[in-house]
Student: 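Here it is, the structure in full.
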Number of protein chains: 2
Amino acid sequence: MVKYSRQREAIKNKLVGRTDHPTAETLYAELKTEMPNLSVATVYRNLNQLEQWGEVNRITVEGATRFDPNTDPHSHFFCRKCGAVIDMPDEDIEIRRIAQAGFGGRIELSTSHFYGVCPKCLDIDS
Amino acid sequence: MVKYSRQREAIKNKLVGRTDHPTAETLYAELKTEMPNLSVATVYRNLNQLEQWGEVNRITVEGATRFDPNTDPHSHFFCRKCGAVIDMPDEDIEIRRIAQAGFGGRIELSTSHFYGVCPKCLDIDS
DNA sequence: ATGAAAATGATAATGATTATTATTTTCAAC
DNA sequence: GTTGAAAATAATAATCATTATCATTTTCAT
């Protein structure tokens, strides 16, 4: 039986609404200022639970684990200039259709990872 | 100046031709039987080098780092039944074209990760 | 108000990977 | 073929992210 926890609430609230895909470490550092005796284990424990419950998504970008409050299927773009991780609209249905053609298995989910230069960094360059 | 090393040769040879995307640990275990005093650090060091030289690819699947001798751009499929990681033909050009439409940045690379049931496991089920 | 179940905080433990360093191997110049 | 500097290795200590453990605290149905 799941019981309320102030810490879990704070972790979730710290994540919702942002699009910068923080790591567990970043969330911990930020929350620590508001809740000085928050434990790092509590952050990891709750992020795992929230992911299992489908309330947040875990993504791996360039080897690092990051968290995303957006649980709608979508992909991510990594900027090689500034390191930003940007949400990309969900083209997965179309992508899955392309990949499914001629493949003998059953594709149920897919995510794509794009790499390049983000709009901001393109502007600066030009 | 790069010098020849029997170990690096063995690591590369152990990887080429296979499609099961082994981890560094798996490669080390297999090589250890042939080269009893091979060091785990040597395996990691050389895999990093081979990747930098573009001779092998590193992929992250379900949180684990695996290695792929196929350096042509292509995607991967993870079977949730048997855990196999299967190479998928490169639809990335088409996928990139779709994703690039309406995106202000510049997409240079992309990889997709598909998840579902592989052909073999579909057969067993039916 | 009470107590069992759940969650936390502190920290030890784990697993994957990297750094360090003394020793060995490679290879260009002789 | 010998030599010596540069590169690579083996062994292992160190690091980093994450998880496990466990005593204490919090939640919440009764």
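The figures here come from the full heavy-atom set of this structure, side chains too, leaving out hydrogens, waters and symmetry mates. Throughout, protein chains are lettered first and strands after them, A, B, ... in sequence-line order, and every chain is numbered starting at 1.
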Student: In chain order, what residues pass the salt bridge (charged side-chain N to carboxylate O under 4.0 Å, His left out) check against A:Lys3, with sequence neighbours excluded?
Tutor: none
Student: Please report the distance, rounded to the nearest Å, between CG in A:Asn46 and P in D:dT19.
Tutor: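 The answer, rounded to whole Å, is 12 Å.
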Student: Report yes if at least one side-chain N or O of B:Thr42 is closer than 4.0 Å to OP1 or OP2 of D:dA10; otherwise report no.
Tutor: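 Checking D:dA10 against B:Thr42, a side-chain N or O does come within under 4.0 Å of OP1 or OP2.
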Student: Dump the pairs, protein N or O against N or O of nucleotides 27-30 of chain D, anything under 3.5 Å, distances to one decimal.
Tutor:
unit_1, atom_1, unit_2, atom_2, d
D:dT27, O2, A:Lys3, NZ, 2.8
D:dC28, OP1, A:Tyr4, N, 3.0

Student: Starting at OH of A:Tyr44 and ending at P of C:dA10, how long is that distance when rounded to a whole Å?
Tutor: 17 Å
Student: Over how many whole Å does the gap from B:Met35 atom CE to D:dA10 atom C1' extend?
Tutor: 12 Å
Student: For the side chain of A:Ala24, starting at C-beta, report the closest nucleotide among D:dT18, D:dA8, C:dG9.
Tutor: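 Of the options given, the side chain of A:Ala24 lies nearest D:dT18.
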Student: Should B:Arg45 be listed as having a side-chain N or O under 4.0 Å from OP1 or OP2 of D:dT9?
Tutor: yes
Student: For a quick test of reading the model: is some side-chain N or O of A:Thr65 closer than 4.0 Å to OP1 or OP2 of D:dA17?
Tutor: no
Student: Between B:Ile11 and B:Val56, is any pair of side-chain heavy atoms under 4.5 Å apart?
Tutor: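 No - every pair of side-chain heavy atoms lies 4.5 Å or more apart.
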Student: Does some side-chain heavy atom of B:Asp68 sit less than 4.5 Å from a side-chain heavy atom of B:Asp87?
Tutor: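 Yes, at least one pair of side-chain atoms sits under 4.5 Å.
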Student: Send over the distance from B:Gln49 CD to C:dA19 P, rounded to a whole Å.
Tutor: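 Roughly 13 Å, once rounded to whole Å.
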Student: Taking CG from A:Leu31 and P from C:dG9, how many angstroms apart are they, rounded to a whole number?
Tutor: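 Computing the A:Leu31:CG to C:dG9:P distance gives 11 Å.
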Student: Would you say the side chain of B:His21 lies within less than 4.5 Å of the side chain of B:Val61, judging by non-hydrogen atoms?
Tutor: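 No, side chains not in contact.
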Student: Using a cut-off of less than 4.0 Å, is there contact between a side-chain N or O of B:Asn48 and OP1 or OP2 of C:dT18?
Tutor: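 The answer is yes; a side-chain N or O of B:Asn48 sits under 4.0 Å from OP1 or OP2.
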Student: Rounded to the nearest angstrom, tell me the gap between atom CZ in B:Arg8 and atom P in C:dT26.
Tutor: 11 Å
Student: Remember a base hit wins even if backbone is also touched, and classify B:Ala64 as base, sugar-phosphate or nothing at under 4.0 Å, heavy atoms.
Tutor: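 No contact at all - B:Ala64 keeps every heavy atom at 4.0 Å or more from the nucleic acid.
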Student: Between the side chains of B:Glu30 and B:Arg18, is the shortest nitrogen-to-carboxylate-oxygen separation below 4.0 Å, so that they form an ion pair?
Tutor: yes
Student: Using a cut-off of strictly less than 4.0 Å, decide whether A:Asn37 has a side-chain nitrogen or oxygen near OP1 or OP2 of D:dT25.
Tutor: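 No.
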Student: Round to a whole Å and report the spacing from CD of B:Gln7 to P of D:dA11.
Tutor: 11 Å
Student: Donor-acceptor pair, B:Arg66 side chain versus B:Asp20 backbone, under 3.5 Å?
Tutor: yes
Student: Just do the side-chain contact (heavy atoms from CB on, under 4.5 Å) check on B:Gln100 and A:Phe114 with the steps written out, would you?
Tutor: CA-CA 10 Å; B:Gln100 181 67 72; A:Phe114 300 98; over 6 Å; no
Student: Could you state the atom-to-atom distance from CG of B:Leu47 to C1' of D:dA8 in whole Å?
Tutor: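 Taking atom C1' of D:dA8 as the reference, CG of B:Leu47 is at 15 Å.
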Student: Please classify the nucleic acid contact of A:Thr23 as base, sugar-phosphate, or nothing, using heavy-atom distances under 4.0 Å.
Tutor: nothing
